[in-house]
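One structure is given below, encoded as structure tokens.
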2 protein chains.
Amino acid sequence: MPERGRPRTFDRTAALRQAMELFWAKGYEGTSMAELTAAMGISSPSLYAAFGSKEALFLEATDYYTRTEGTEIWTALDEAPTACQAIENFLRQTARAYSQNDRPQGCLIALGALHKDSSSGAICDDLRRRRAENHTLLLRRLERGVAEGELPPGFDSDAAATFYATVQHGMSIQARDGASCDALMATVAGAMAAWQGLAGTA
Amino acid sequence: MPERGRPRTFDRTAALRQAMELFWAKGYEGTSMAELTAAMGISSPSLYAAFGSKEALFLEATDYYTRTEGTEIWTALDEAPTACQAIENFLRQTARAYSQNDRPQGCLIALGALHKDSSSGAICDDLRRRRAENHTLLLRRLERGVAEGELPPGFDSDAAATFYATVQHGMSIQARDGASCDALMATVAGAMAAWQGLAGTA
DNA sequence: TCCTTTATGTAACGATCGATACATAAATAT
DNA sequence: ATATTTATGTATCGATCGTTACATAAAGGA
């Protein structure tokens, strides 16, 4: 029973990836249905039959983004033996991923829809929720550092997580301005220079 | 000879301020001419006669923005006696300005047009140029710190300026996510914790 | 007073926006 | 073979996009 009726003639996942790259490069509002259908290689009715609407397509595209792009950024968090190395790897992987030339620069979650419009309200909220989730991942790793005794008991994990998440968001804009991986690494060095000050004198 | 023909019936500067606030809140692409004329209280032909086009209006609005909004952020840079205090005041003023409730959160220069569209190409480039100017202001202040002996000769002023500019850009997104002034101050504390590491062991 | 100049108000321009109606094609179910 | 279900292709929907003709109103210059 998996297939009834006429089978679709295009690869749904491949079309979704094309949509993701377009949204990634131009944002939600900046991407038109005409551009989407052209990039995905399908007609407008096929797109609506397969994905529902432009808004639903964006939500599915961001979900696909989090599952396929920049995963090395977040796996680095848990695999590093110390919280310090975890944060540094997190930022270094970010610098590398954001400056790749074979894909849009910066992060779709950070840049996809920053302005709360009447049409993109749900989109904006969804991205905001995903940013909050990323903040939580940083927070959990830092709290683990406190639990393991690497960081002092009075360490403000939430403030530190906010700081490093904010640095990452800034790196998206920096990458959009054409910064190279080396230039992004300068920001990483600055952010890691803060580690001793944050961990030492809490 | 200052006035020939029928005088305009609206305050051009007041209308420009309304346009600025709208662009600030919703971005270039996200703001429509209908919204602009409604907020400015004028008709479409009056807008075009006074400002030329939507693109020209945005450029003039961003110029008005830099002359009127957040000036305390940049004056703090030169007035502080030390580079360290200059950067800290710069960031603290940023935290305060970005979280005000009587105006849009974050920075128009950082958030106004991040996606290089076919229509907003010139807009995007103009904002990018303004961000580069802000980076230069930070760079000059740090170089002055080196010249005055506050910072060691090998201090990488450019890398530090990039770091602090990136933190400020991230604070725009953080502010858009609803962060309070106190929450932004956590990021400021993190960024300033990096100072000793950057200035000490260069 | 007449002419020029600039601004306003109404109305609408062509283009593009996101989204669909409709008929047809291709598969399974009975 | 017929009915049902799903996808495709063409053509277009009403709404909104940024922009502008056109006639009229209000000022200064001759």
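Within every chain, numbering begins at 1; the chains are lettered A, B, ... in the order of the sequence lines, protein sequences first and strands thereafter.
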How close or far is atom [atom2] of [N] from atom [atom1] of [X], stated in whole angstroms?
X	N	atom1	atom2	value
Phe10(B)	dA7(C)	CZ	C1'	9 Å
Leu36(B)	dT19(D)	CG	C1'	13 Å
Leu22(B)	dG18(D)	CG	C1'	15 Å
Leu57(B)	dT19(D)	CG	P	10 Å
Glu29(B)	dT16(D)	CD	P	19 Å
Met40(B)	dT8(C)	CE	C1'	15 Å
Arg6(B)	dT24(D)	CZ	P	13 Å

Other residues, nucleotides and ligands only: do more than 12 of their heavy atoms fall within 6.0 Å of [atom1] on [X]?
X	atom1	answer
Arg144(B)	CZ	yes
Arg128(B)	CZ	yes
Arg96(B)	CZ	no

Phosphate OP1/OP2 of dA7(C) contacted by Arg8(B) side-chain N/O (<4.0 Å): yes
Looking only at side-chain N and O atoms, does Thr9(B) come under 4.0 Å of OP1 or OP2 in dT8(C)? yes
Under 3.5 Å, is there a donor-acceptor pair between the side chain of Arg131(A) and the main chain of Ile109(A)? yes
Has the side chain of Arg4(B) got a donor or acceptor that lies under 3.5 Å from a partner of the other kind on the base of dA27(D)? no
Can a salt bridge be assigned to the pair Arg130(B) and Glu133(B) using a cut-off of 4.0 Å between side-chain N and carboxylate O? no
Give the nucleotide from the list dG9(C), dG18(C), dT8(D) with an atom nearest to the side chain of Met33(A). dG18(C)
Proximal nucleotide (of dG9(C), dA25(D), dT19(D)) relative to the Lys54(B) side chain: dT19(D)
At under 4.0 Å between heavy atoms, what does Thr31(A) touch on the DNA or RNA strands: base, sugar-phosphate, or nothing? sugar-phosphate
If you find the nucleotide of DNA chain D closest to Gly5(B) and the one closest to Pro7(A), which residue's nucleotide is nearer the 5' end? Pro7(A)
May I ask you to list the residues of residues 44-52 of chain B, by number, that have any heavy atom positioned under 4.0 Å from an atom of DNA chain D? Ser44(B), Pro45(B), Tyr48(B)
Taking the side chain as every heavy atom from C-beta outward, state whether Cys84(A) and Glu150(A) have any pair of such atoms under 4.5 Å apart. yes
Hey, what's the ring geometry for Phe23(A) with Phe58(A), parallel, tilted or perpendicular (30° and 60° as the breaks)? perpendicular
